[in-house]
Amino acid sequence: MGKKKYEHYKKYVKDFNNESILDYLGNNIIIKENYEHEAIELMDSITNNMNKQFPYNITAGAITALKQAHFAARNGMVSAAFENTRFLLERLSLVKIISEMKTENNPYEIAIEHLEWHQLIDKKFIIYGLQQFTGRIWHYTGEKYTPRGTTIFLSGIPLCGNHSKAYAKYSRTIKEIEFETGISIREKCAKCGKDAVRFTISLPKAGAILGMLGLYTGHDVSELGKFYGDYSRVLHPYGFYGYPGTYLINLWSIDFIRLGLKLQKILF
Ligand SMILES: [Zn+2]
């Protein structure tokens, strides 16, 4: 898929690039132009790319979210339309990161597949932002190192044999990490202060996921961050249930084309 293929979509959105969805929804501004057909074309193309490049079970969630976003938009459901679009953005960023990490049995993928993500978060295995992710890893590897393989576990928490017992799937031994990186690591267990033998992964919050996407792709992701923020504002605190439902598909199509153009550039 060449980049050129998507250039022509720019003409549909060029008159709409200065306003965010919040401007339209908040002021009840109606868009008369209907580019649903073009949006569907782009949906299909992005779906094909997702299936091809991210062959994980958890990619299916992103594809379903996109279908549901479109369905909700057609049916005038503002909140559901943009909630699903936000999910697409988040899940797609995550599978891209996973594909770049080149880590066998990637713990992010497993945590979602096994529905154990929230349990690790409840145990405070959390990365709140990119700097926390890189900070912990670069502490051992030196700056500018792009974490792949077992190195990603250095973003987690060092634990002794006893305290890491429950997290076998979500941790790696320090020996493995040392072997792969050639770095020597001495750490104490974060719970009891004994010698640590494993690192247990920490899972990224949404803000960290977008930041990590920037790290792994080398792209500026601030515009994607703006999309994410706008979608979040629809859900909380505004809702925008007063927006005329029949015109939602027009707004959603333009917004999705704008988002899709950014995604194409960064992800595929
Ligand atoms: Zn311990």
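Sequence positions, counted from 1, serve as the residue numbers for this chain. Whatever order the structure lists them in is the order used to number ligands and atoms, beginning at 1.
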### Task
Report yes if some heavy atom in the side chain of Thr217 is under 4.5 Å from a heavy atom in the side chain of Ile97; otherwise report no.
no
### Message
To the closest 0.5 Å, what do you measure between CD1 (Ile110) and CD1 (Ile58)?
### Response
10.0 Å
### Task
State the OG-NZ distance between Ser171 and Lys165, to the nearest 0.5 angstrom.
12.5 Å
### Task
State the CG-OH distance between Leu25 and Tyr243, to the nearest 0.5 angstrom.
6.0 Å
### Pairs satisfying side chain to side chain donor-acceptor pair (under 3.5 Å), at least one member in residues 123-138, at least two apart
Arg136-Ser202
### Task
Sort by chain and number the protein N/O/S atoms found under 2.8 Å from the Zn ion (ligand 1).
Cys160 SG, His163 ND1, Cys189 SG, Cys192 SG
### Task
Would you confirm whether Arg91, through its side chain, and Thr59, through its main-chain N or O, come within 3.5 Å as a donor-acceptor pair?
no
